[in-house]
A.B. asks: 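Here it is: the structure, laid out below.
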2 protein chains.
Amino acid sequence: MHRTKIRIAEGILDANDTIARANRDDFDEHGVVVVNVMSAPGAGKTTLLERVVRDLDDVRIGVLEGDVQGSFDADRLASLHVPVTQINTDPGFGGECHLDANMVRAALPSIPLDEIDLLLIENVGNLVCPAEFRIGEDRRVMVSSVTEGEDKPLKYPLMFRTCELVLINKIDLLPHLDFDVDKLLYNLDAVHPGVERMLVSARTGEGVAEWRDWLAGVVERGVAPA
Amino acid sequence: MHRTKIRIAEGILDANDTIARANRDDFDEHGVVVVNVMSAPGAGKTTLLERVVRDLDDVRIGVLEGDVQGSFDADRLASLHVPVTQINTDPGFGGECHLDANMVRAALPSIPLDEIDLLLIENVGNLVCPAEFRIGEDRRVMVSSVTEGEDKPLKYPLMFRTCELVLINKIDLLPHLDFDVDKLLYNLDAVHPGVERMLVSARTGEGVAEWRDWLAGVVERGVAPA
C-alpha cells in the first residue's frame, strides 16, 4: 500500500509543481511579489500580517487566506482595507491540510493582480504538508512560536529547511516559559544552517520593524520594472 | 484534478477504516484500551503523557509515538520505564502528517500487548489530518493550548468534533495572554456541544489529577475481563 501511495504522491507533487510554475509566471507578468507564510496553528501568522499590512504604507498589498473552514483571519485582514481572497480547503482531500498550486490557481481571477505589488499568502496552520507544496511563491516565511518548544526544527525539518526567513514569535512570553532561545537557534542551524531569523512579538511589536523592512526589501528587489 | 483526488481519498479512508477495525479487534483480544492523543505541534502532548505515566501506578502503560522524524518524545517517555514504540512517518506520502491504521498495524508486533492495559498513542502534531484517520483507538483526546487562541475550534472543527475529551493546556500562562477562556468554551460548544473538557497545566500539574482519573476510568470500564 505504501509504495502505491508514494507513487500517487509523486504524481500529485509533479502536477503541483507544473501549476506552481504557471502561477509564478502570472505573478511575474503582473510584477507581483508573492510571500508564502506558514506555521503551526496559533503561532501568530495573522497578527504578524496585520502588523505589516498596517505599516507598509507605500506597498500595495493583497492577501490570500488559506483555511480549512471559516473566514476569521480573512475578515481580520479585510478590515485593514486591503483586498483579501479566501480559499477554504474543506472540499479537498478530506479537508486539505495545506494550500496547493491548483487551489491558488483557482483563486487567481479573484485577486486584483494589477493593483498590488505584494501578495501575502497565509497558508493553513500545519508544519508538515504546506512545506511540500510550492504554490508559485517567491519567498517562504515560517513563524515558530516560542510556546511550541525548542525541538520543533528537529521534528519538522522540511518546514524549517524550506523557508528563507524564520520569525520566532511571542518573545514577550519568554519570561514565563521554560524556553531556551539558544537551544532553538542551535536546532534551527542543525537543519538549516545560517537561515535568516528574527525574534519578534506580534503582540508588543518588538522586532516587527525588521520583519516589515525585510518584506519591503523583497518587494523592492523582486518586482520587475513596469 | 480535485474530483480524482477526492475519489482516491475515499478509497484510502475506506481501506484505513478496515485496517483500523482489525487493529481494534487485536487490542480488544488482548484487553488493551487505546487512547489516541492529538494536538497542534507544541501543545504539550508529551508532557501531559509524562505526567500520567508517572502517576498511574496501577495501570500497565505502553506508548506508541508518531513523529515525522526523530525520537525525542519517545526517548522522554522511555526514560519513565514504560515500553515505547516509535513510528516515523517520514517514508510515507511526502512525510505523512498523521498516523494511519496501516502504520499502527505495522507497529503491532513491536508492542507488548500482553503486558499492558493501556496504550497511549501520541499522534503527529497537526489539527487537520489525524482527525480523518481512525487507527483502532477506543478514545480520542485532543490537547488545545491556550497560546493558540480562542478561534481554533471554529478553524479546525473536525478535530474538536471527533474527540471525547479536550484538554485545555498551559493555563499557567493565562495571566500573560490576551485569551478569553469563556470564548474558547463557547467556540468549543459551537462545534461539539457539551464535550468533556478539562483545564490543565502540564507544567504546574494543575488539573492533571483529573486527566489521570479520566484515563483510569476509561481503563477500568474498557478492559474486558481476563
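We name chains A, B, ... by the order of the sequence lines, and we start the count at 1 in each one.
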A.B. asks: Give a yes or no on whether the ring-centroid distance for Phe160(A) and His192(A) is below 6.0 angstrom.
C.D. replies: no
A.B. asks: OG1 of Thr162(B) to CZ of Arg140(B): how many Å apart, nearest 0.5 Å?
C.D. replies: 3.5 Å
A.B. asks: Less than 4.0 angstrom from a charged side-chain N to a carboxylate O is my criterion; do Asp73(A) and Lys45(A) meet it?
C.D. replies: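 Lys45(A) and Asp73(A): not salt-bridged.
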A.B. asks: Can you confirm whether more than 12 heavy atoms, excluding those of Phe72(B), are under 6.0 Å from its CZ atom?
C.D. replies: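 Check passes, neighbour count above 12.
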A.B. asks: Looking only at heavy atoms and a cut-off of under 4.5 Å, which of Val124(A), Leu177(A), Asp151(A) has the most pairs with chain B?
C.D. replies: Leu177(A)
A.B. asks: Output the option from Gly70(A), Ser145(A), Gly125(A) having the highest count of non-hydrogen pairs under 4.5 Å with chain B.
C.D. replies: Gly125(A)
A.B. asks: Do Phe179(A) and Thr147(A) touch side chain to side chain, with heavy atoms closer than 4.5 Å?
C.D. replies: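 Not touching, per the 4.5 Å side-chain cut-off.
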A.B. asks: Heavy-atom distances under 4.5 Å only: say whether Pro157(B) touches chain A with side chain, backbone, both or neither.
C.D. replies: side chain
A.B. asks: Against chain A, label Lys152(B) side chain, backbone, both or neither, depending on which of its atoms sit under 4.5 Å from a heavy atom there.
C.D. replies: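 Contact with chain A is through the side chain of Lys152(B) alone.
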A.B. asks: Any carboxylate oxygen within less than 4.0 angstrom of a Lys/Arg side-chain nitrogen, looking at Arg134(A) and Asp17(A)?
C.D. replies: no
A.B. asks: Less than 4.5 Å apart, side chain to side chain, heavy atoms only: is that true for Glu137(A) and Arg24(A)?
C.D. replies: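 When only atoms from C-beta onward are counted, Arg24(A) and Glu137(A) do not touch, as no gap falls below 4.5 Å.
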A.B. asks: Tell me, for Leu173(B) versus chain A, whether the close heavy atoms (under 4.5 Å) come from the side chain, the backbone, both or neither.
C.D. replies: side chain
A.B. asks: Hey, which residues of residues 194-210 of chain A are touching chain B, say heavy atoms under 4.5 Å apart?
C.D. replies: Arg203(A)
A.B. asks: Distance from Ser144(A) atom OG to Leu127(A) atom CG, nearest 0.5 Å?
C.D. replies: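 Ser144(A) OG to Leu127(A) CG: 7.5 Å, rounded to 0.5 Å.
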A.B. asks: Step by step, would you call Glu65(A) with Thr85(A) a side-chain hydrogen bond (donor to acceptor under 3.5 Å, both in side chains)?
C.D. replies: CA-CA 6 Å; Glu65(A) 271 294 334; Thr85(A) 305; over 6 Å; no
A.B. asks: Name the region of Asp178(B), side chain, backbone, both or neither, that has any atom closer than 4.5 Å to a heavy atom of chain A.
C.D. replies: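 Its backbone and side chain both get close to chain A.
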